[in-house]
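For reference, the structure discussed in these notes is given below.
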Amino acid sequence: DAMVIQNPRYQVTQFGKPVTLSCSQTLNHNVMYWYQQKSSQAPKLLFHYYDKDFNNEADTPDNFQSRRPNTSFCFLDIRSPGLGDAAMYLCATSRDWGVDLRGGETQYFGPGTRLLVL
Amino acid sequence: DQQVKQNSPSLSVQEGRISILNCDYTNSMFDYFLWYKKYPAEGPTFLISISSIKDKNEDGRFTVFLNKSAKHLSLHIVPSQPGDSAVYFCAASEVDSSYKLIFGSGTRLLVRP
């Protein structure tokens with residue numbers, strides 16, 4: 001009963017070669033998030049969508065883009081991956097934001113895609 | 001500039017004993033705190049949370065304590081079980097950016113049988 005699905009689980013790409021990671025959800029949640037987690041570090045929010053409204057974190061590099069063609073799917077595009085972009089990329093969803101986080105509802109995470117850049 | 005810090009990367013505890021995982025934060029605007037648990041090859045899952053208007057929240061074997069003056073929270077697991085072995089992340093959000101969770105780097109808990 002996977003609720004947040006990420007494919008592939010492992011992705012190998014070459015330095016500078018564009019790569020796309022995908023995320024889908026069966027929860028019908030309004031909000032989808034992308035996090036980057038480097039080894040032994042905290043997950044860091046890159047951006048999120050509230051429905052079709054895209055919200056970029058101020059310190060997210062321009063190299064990272066995202067698309068959300070419909071409620072269920074969200075993609076992370078890395079235009080020119082560098083060695084420093086090797087990380088675990090986590091997708092998450094939440095029904096709403098703000099009030100829901102405080103009401104106990106929270107973000108539901110996928111298993112992540114580990115990206116290796118050669 | 002880490003706003004949420006988990007200074008112990010790992011913790012080992014005997015089964016049946018108490019596990020105490022600690023978390024410190026620097027942002028006084030944080031008003032909601034969460035703990036997530038992560039098993040290998042799975043995404044983090046929500047465990048327990050606490051609002052800044054409380055100093056304690058309990059859910060079965062799990063209790064979170066919040067000390068606002070010290071900007072410190074802790075997760076207590078009593079009694080610890082081998083199935084609790086996982087990485088535990090502390091996270092926080094602030095009222096003006098309540099969609100956004102700021103995570104700590106995690107503590108790996110090993111519960112020895």
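Numbers restart at 1 for each chain; the letters A, B, ... are given by sequence-line order, proteins then strands.
Of the inter-residue distances, the one linking B/Q2 atom CD with A/K44 atom NZ reads 12.5 Å to the nearest 0.5 angstrom. Atom NZ of B/K100 sits about 11.0 Å away from atom CG of A/N55, to the nearest 0.5 Å. One distance of note links CZ of B/F89 with CD of A/Q37; it measures 4.5 Å at 0.5 Å rounding.
Outside the 6.0 Å centre-distance limit, the rings of A/F109 and B/F46 are not counted as a close aromatic pair.
Heavy-atom distances place the side chain of A/R9, and not its backbone, under 4.5 Å from chain B. No part of A/Q6 comes within reach of chain B, as not one of its non-hydrogen atoms sits under 4.5 angstrom from that chain.
For residues 52-88 of chain B, every residue pair satisfying the ring-ring contact (aromatic ring centres under 6.0 Å, His included) rule, not counting sequence neighbours, is listed here: B/F65-B/H76.
With hydrophobic clusters built from ILVMFWY side chains whose heavy atoms lie under 4.5 angstrom apart, B/V4 shares a cluster with B/I48. Under the 4.5 Å side-chain heavy-atom criterion for grouping Ile, Leu, Val, Met, Phe, Trp and Tyr, B/I53 is not connected to B/Y25 through any hydrophobic cluster.
Applying the 6.0 Å contact sphere to CZ of A/R68 captures more than 12 heavy atoms from other residues, nucleotides or ligands. Counting non-hydrogen atoms of other residues, nucleotides and ligands closer than 6.0 Å to CZ of B/R17 gives a total of 12 or fewer. Within a 6.0 Å radius of CG in A/D62, other residues, nucleotides and ligands contribute 12 heavy atoms or fewer. Surrounding NZ of B/K68 are more than 12 heavy atoms belonging to other residues, nucleotides or ligands, all under 6.0 Å away.
Contact check for A/Y35 versus B/L101: side-chain heavy atoms found under the 4.5 Å cut-off.
Heavy atoms only, all atoms of each residue included: B/G104 and A/A42 are closest at O-CB, 3.1 Å. Nearest heavy-atom pair, A/P111 versus B/A41, reported as atom, atom and distance to 0.1 Å: CB-O, 3.7 Å.
With chain A as the partner, the residue from B/S105, B/A91, B/P9 showing the most heavy-atom pairs under 4.5 Å is B/S105.
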